[in-house]
Visitor: 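Here you go, one structure.
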Amino acid sequence: MKTNSIKSPSRRQFIQQSAATTGAFVLGMYLPLTSDAATNSASLTVVNAWVQITPDNQITLICARSEMGQDVYTSMPALLAEELNIPLSMVKVQIAGVAPIYINALLGGQITGGSSSVREAFDKLRIAGAATRSVLVQAAANRWSVPITDCKAMNGKVSHAGGKSATYGELAAEAAKLPLPEKPALKSPANFMVIGKESMRRLDTPAKVSGTAVFGIDVKIPGMAIASLAQCPVIGGAPRSVDSADAMKVSGVIKVVQISDGVAVLAKNFYAARKGRDALKVTWNEDAGASISNAGMRKQLESGLTKPGAVIQAKGDATAALGNGKQLSAQYFMPYLAHSTMEPVNCSAVVADGKCRIIGPIQFQQGAQAVAAVATGLKPEDVTVETTFLGGGFGRKLELDFIRQAAEIAKASGMPVKMLWTKEDDITHDFYRPMSVHQMDASLSSEGKISALKTKMVSQSVTARAFPAFVKDGNDPFMVEGSANLTYEIPNLEVRNVIEDSGIRVGYWRSVSNTLNAFAIESFMDEAAKAAGKDPVAFRLSALSKEPRAAAVLKMAVQKSGYQAGSKRFGVAQMECYGTYSACVVELDPYAASTMVKKITFVSDCGIAIHPDQARAQLTGGILYGLGAALYDEITIEQGRVQQSNFNNYPSIRMNQAPIVEVHLVASQEKPGGLGEVGVPLVAPALVNAIAAATGKRIRELPIKV
């Protein structure tokens with residue numbers, strides 16, 4: 001998916017809804033197509049920000065991104081509140097339905113992912129707030145026949161130096177008739193009252209603490225049945241024949257329906273639905289998927305190293321330069337991984353009277369609408385999508401399989417349904433992070449620097465499956481994350497990718513290919529430092545002279561962690577990821593009987609941190625997610641069947657296993673970078689680098705399996 005820049009709006013307008021509907025004043029921020037989108041409808045980048053103000057002075061942000069713990073429910077309203085000069089507590093939030101105005105300009109669809117929510121909204125929502133504030137002040141000046149310079153908007157009302165005042169809600173209808181300013185003045189960061197303040201509190205906390213927050217698993221619809229879906233143990237298989245007689249004998253079971261890729265048992269409660277499902281006798285068509293195994297897939301990827309692939313980045317003449325100086329070569333391997341969200345896949349659907357209603361934890365609203373329309377035979381405009389809170393997303397709920405299944409079940413049964421997967425369903429029928437093999441070759445100059453580097457990654461392409469139009473000439477723009485954006489200055493460089501489709505379905509996993517590429521590159525940088533006889537930190541810094549932000553975070557991480565050159569218990573790694581520069585230092589416990597992580601120090605320069613407390617929380621969560629994957633997790637497949645099924649054999653890191661984690665943010669006035677995925681990629685390479693320092697053993701494939 002192509003990234004497009006957001007251009008300054010040339011036209012803005014207010015849309016006033018009649019008192020017969022909501023009586024609300026609604027602001028629509030229209031930004032024009034980029035030049036690229038004007039010639040290619042596939043990269044449409046029309047975006048909107050919506051602000052609703054009702055006469056009772058209720059201010060609502062229609063939030064275009066899904067809340068899955070990453071804080072858009074608070075950080076995006078903070079952008080609006082800042083320019084409206086109101087406290088954050090005055091803003092209410094409503095998650096948007098499906099509409100082209102809610103397209104994410106960085107991803108080209110109504111998608112929450114790529115650590116893009118705040119990055120994409122930073123200018124857009126502040127412009128919306130500033131423009132709204134401007135016309136509210138103008139409306140007050142017009143009402144009172146006073147100079148606009150004598151009026152001030154603050155805390156939800158406009159006041160005049162002479163003592164008059166009116167709330168935003170009281171002025172909204174008049175303001176709606178005024179033209180929006182072409183370029184509203186935005187606040188200087190020095191004048192921020194909301195953005196960046198440590199006192200900010202999450203707006204969704206009260207509902208989550210009280211239990212009133214609605215996640216997909218909480219949805220209730222009158223007359224709703226609970227559905228448990230039997231699926232082929234080989235992903236991609238379909239039912240050949242079904243005997244449901246025993247299932248229908250289970251107390252509470254209502255009916256059994258067959259859909260394209262499974263058999264659903266509908267019941268009054270989940271216990272009965274699952275018991276009925278267990279009683280089904282299903283014969284499956286397993287097809288070619290039954291021949292898939294890890295060994296075969298790894299062999300296929302390794303053979304792909306002989307293919308030229310696509311050149312992602314080239315500088316100088318890496319092939320010729322590799323013949324000079326000290327030669328280095330290494331190969332790295334990364335396994336399949338499951339998303340393993342705390343809330344398993346689920347979705348509710350109603351199909352009736354020529355309409356379809358989809359309710360659930362969704363990261364891709366446009367896709368949800370489209371797939372439900374196909375599943376039900378309806379037009380997309382007859383499908384409504386309601387997004388609940390997500391109990392974890394990590395990219396899994398970008399997928400559309402569970403939405404299609406719920407829609408098919410609802411249509412086939414003629415009932416409102418809530419389809420609930422078990423944890424076992426979730427692990428064994430995921431869209432997995434791809435397996436990858438990386439070949440790294442370099443030469444060192446007489447000064448002990450990398451003079452040439454060639455890197456090649458062989459992997460499946462998620463984008464070739466999900467968005468095939470974006471893969472051109474063998475180049476998947478998401479496979480290059482972490483390799484096309486190298487921060488190191490290397491005079492002769494060649495980066496290649498080879499796409500090998502090995503048959504298993506793969507998906508975007510938290511930080512996508514940053515985890516794959518960072519593990520290989522940052523591990524190799526440590527190996528190169530050792531070959532050059534240099535300290536790993538000094539070796540990296542010598543190649544970061546043109547990347548001051550990268551050098552600064554590395555220096556700060558060294559200082560905060562207590563890193564000591566020559567110590568046998570530290571490992572480091574650094575990279576730029578989603579516009580954020582980060583460095584990680586892992587410290588091992590020198591007294592542990594086995595490899596034990598004592599402390600992880602993480603430093604990020606994410607530009608302006610909208611909500612600092614949650615910025616640190618997101619990074620901490622990513623760090624622990626990445627640590628668990630590095631230590632324990634791997635999806636293995638034999639005869640087409642995933643061997644892992646639950647936390648017993650695909651664990652998440654537990655509280656008693658978690659090390660001390662310290663996260664530090666660099667004070668910065670740069671535009672915000674991403675955060676939700678940034679903590680994940682650096683942990684694994686920093687950890688294996690620490691193990692190599694402590695033991696002399698170089699680990700080149702994951703998981704470590706301590």
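Only a predicted model underlies this, so the values are computations on that prediction, with no experimental measurement involved.
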Visitor: Hey, which of Q439, H438, E701 is the one that makes side chain to side chain donor-acceptor pair (under 3.5 Å) with Q331?
Guide: Q439

Visitor: Distance check, rounded to the nearest 0.5 Å: D204 atom CG versus T74 atom OG1?
Guide: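 Atom-to-atom, D204:CG and T74:OG1 are 5.0 Å apart.
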
Visitor: Determine the minimum heavy-atom distance between M76 and L125, stating which atoms define it.
Guide: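 Between these two residues, the closest heavy atoms are O-CD1, 3.6 Å.
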
Visitor: Check for a donor-acceptor pair, side chain of E677 on one end and backbone N or O of S115 on the other, with a separation under 3.5 Å.
Guide: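 Flag set: sc E677 to bb S115 pair under 3.5 Å.
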
Visitor: Can D123 and K671 be counted as an ion pair, charged N to O under 4.0 angstrom?
Guide: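 Yes.
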
Visitor: Identify the heavy atoms of K534 and G448 that sit nearest to each other, and give their distance.
Guide: NZ-O, 3.7 Å

Visitor: Applying side-chain contact (heavy atoms from CB on, under 4.5 Å) between D633 and each of P703, P651, S340, report the one that passes.
Guide: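 Going through P703, P651, S340 one by one, the side-chain contact (heavy atoms from CB on, under 4.5 Å) with D633 is satisfied by P651 alone.
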
Visitor: Distance from F192 atom CZ to K197 atom NZ, nearest 0.5 Å?
Guide: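 Reported to 0.5 Å precision, the distance equals 9.0 Å.
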
Visitor: Any heavy-atom pair between the side chains of V680 and W509 that's under 4.5 Å?
Guide: yes

Visitor: Between N485 and E576 (side chain of the first, backbone of the second, donor and acceptor by atom type, cut-off under 3.5 Å), is there such a pair?
Guide: yes

Visitor: Short question: side chain of E82, backbone of I195 - any donor-acceptor pair under 3.5 Å?
Guide: yes

Visitor: Is there a side-chain contact between Y578 and E481 (heavy atoms, below 4.5 Å)?
Guide: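 Result yes, sub-4.5 Å side-chain heavy-atom pair found.
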
Visitor: Quick test of your reading of the model: are E662 and K560 salt-bridged, counting only N-O distances below 4.0 Å?
Guide: no

Visitor: What orientation do F524 and Y332 show, parallel under 30°, tilted 30 to 60°, or perpendicular over 60°?
Guide: perpendicular

Visitor: Below 4.5 Å, heavy atoms only, C-beta onward: do T112 and S117 meet side chain to side chain?
Guide: yes

Visitor: Do the side chains of R616 and F602 get nearer than 4.5 Å, heavy atoms only?
Guide: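 In short, these two side chains do not touch, never coming nearer than 4.5 Å.
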
Visitor: Can a donor-acceptor pair be found, under 3.5 Å and without considering hydrogens, that links the side chain of N346 to the backbone of P344?
Guide: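 Confirmed, N346 side chain pairs with P344 backbone.
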
Visitor: How close do T455 and M440 get, heavy atom to heavy atom, and via which atoms?
Guide: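 What the structure gives for the nearest pair is OG1-SD, 3.1 Å.
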
Visitor: I'd like to know if the side chain of S523 reaches the main chain of A520, judged simply by a donor and an acceptor atom lying under 3.5 Å from each other, with no hydrogens or angles considered.
Guide: no

Visitor: Can any side-chain N or O of H339 pair as donor or acceptor with the backbone N or O of Y508 at less than 3.5 Å?
Guide: yes

Visitor: Within the distance-only criterion (no hydrogens, no angle test), does the side chain of D605 pair as donor or acceptor with the backbone N or O of Y581 below 3.5 angstrom?
Guide: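 Checking the backbone N and O of Y581 against the side chain of D605, no donor-acceptor pair under 3.5 Å is found.
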
Visitor: To the nearest 0.5 Å, what is the distance between CE on M334 and OG on S459?
Guide: 10.0 Å

Visitor: Just one of D526, N689, L541 clears the side-chain contact (heavy atoms from CB on, under 4.5 Å) bar with P536, so which one?
Guide: D526

Visitor: May I ask you to say whether R569 pairs ionically with E587, meaning some side-chain N is under 4.0 Å from a carboxylate O?
Guide: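 Between E587 and R569 there is a salt bridge, with a charged N closer than 4.0 Å to a carboxylate O.
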
Visitor: Given side chain to side chain contact (heavy atoms under 4.5 Å, CB included), test L61 with L79 step by step and report yes or no.
Guide: CA-CA 10 Å; L61 168 68; L79 300 173; over 6 Å; no

Visitor: Taking the side chain as every heavy atom from C-beta outward, state whether Q460 and M435 have any atom pair closer than 4.5 Å.
Guide: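 Q460 does not reach M435 side chain to side chain.
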
Visitor: Looking at every heavy atom in both E522 and L682, which two are closest together, and how far apart are they?
Guide: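 Heavy atoms of E522 and L682 come nearest at CG-CD2, 4.4 Å.
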
Visitor: Ignoring hydrogens and geometry beyond distance, is a side-chain donor-acceptor pair present between D218 and T388 at under 3.5 Å?
Guide: no

Visitor: Taking atom CE of M193 as the centre, report whether more than 12 heavy atoms of other residues, nucleotides or ligands fall under 6.0 Å from it.
Guide: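 It does: M193 CE has more than 12 such atoms within range.
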
Visitor: Measure the CD1-CD distance between I62 and Q94 for me, rounded to the nearest 0.5 Å.
Guide: 4.0 Å

Visitor: Go through L675 and Q614 one step at a time and tell me if the side chain to side chain contact (heavy atoms under 4.5 Å, CB included) criterion holds.
Guide: CA-CA 9 Å; L675 282 169; Q614 285 303 301; over 6 Å; no

Visitor: So, R540 and E547, do they make that salt bridge, N to O below 4.0 Å?
Guide: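 Judged by the 4.0 Å cut-off on N to carboxylate O distance, R540 and E547 do not form a salt bridge.
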
Visitor: Testing the 3.5 Å rule here: is there a donor-acceptor pair between the side chains of Q313 and S483?
Guide: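 No.
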
Visitor: Side-chain donor-acceptor pair under 3.5 Å between Y563 and D535, yes or no?
Guide: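 On atom types as modelled, these side chains qualify, holding a pair under 3.5 Å.
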
Visitor: Taking the inter-plane angle between the rings of F394 and Y625 on a 0 to 90° scale, is it parallel (under 30°), tilted (30 to 60°) or perpendicular (over 60°)?
Guide: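 F394 and Y625: tilted rings.
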
Visitor: Can you confirm whether K568 is buried at NZ, in the sense that more than 12 heavy atoms of other residues, nucleotides or ligands lie under 6.0 Å from that atom?
Guide: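 Open.
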
Visitor: Any non-hydrogen side-chain atom of M68 less than 4.5 Å from a side-chain atom of K397?
Guide: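 No, every pair of side-chain atoms sits at 4.5 Å or beyond.
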
Visitor: Any side-chain heavy atom of F333 sitting closer than 4.5 Å to one from L702?
Guide: no

Visitor: Could you check whether R119 makes a cation-pi contact with F122, meaning its NZ or CZ is under 6.0 Å from the centre of the six-membered ring and within 45° of the ring axis?
Guide: no

Visitor: Quick one: pull up NZ in K315 and CD1 in I490 and give me the separation to the nearest 0.5 Å.
Guide: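 Here the rounded value is 7.0 Å.
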
Visitor: Counting only heavy atoms not in K555, do more than 12 sit closer than 6.0 Å to its NZ atom?
Guide: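 At most 12 heavy atoms, drawn from other residues, nucleotides or ligands, come within 6.0 Å of this atom.
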
Visitor: Flag yes if more than 12 heavy atoms outside K530 fall under 6.0 Å of its NZ atom; otherwise flag no.
Guide: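 No.
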
Visitor: Within the side chain of Q644, is there an N or O that forms a donor-acceptor pair under 3.5 Å with the backbone of T636?
Guide: yes

Visitor: To check you understand the geometry: which heavy-atom pair defines the closest contact between I635 and I427, and what is its length?
Guide: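 For I635 versus I427, the nearest heavy atoms are CD1-CG2, 4.1 Å.
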
Visitor: State whether the side chain of E343 and the backbone N or O of I217 hold a donor-acceptor pair below 3.5 Å, judged by distance alone.
Guide: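 Present.
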
Visitor: Closest heavy-atom contact between Y73 and E67?
Guide: N-OE1, 2.7 Å

Visitor: For F519 and V688, what are the C-alpha separation, side-chain angles and deciding distance, and is it a side chain to side chain contact (heavy atoms under 4.5 Å, CB included)?
Guide: CA-CA 9 Å; F519 178 68; V688 298; 3.8 Å; yes

Visitor: Does any N or O in the side chain of T601 come within less than 3.5 Å of the main-chain N or O of A557, such that one atom is a donor and the other an acceptor?
Guide: no

Visitor: Using a 4.5 Å cut-off on heavy atoms from C-beta on, say whether the side chain of M575 contacts that of T487.
Guide: no

Visitor: For F215 and M342: C-alpha separation, side-chain torsions, deciding distance, then whether side chain to side chain contact (heavy atoms under 4.5 Å, CB included) applies.
Guide: CA-CA 12 Å; F215 293 80; M342 289 295 106; over 6 Å; no

Visitor: To the nearest 0.5 angstrom, please state how far the CD1 atom of I312 sits from the CG atom of D476.
Guide: 8.5 Å

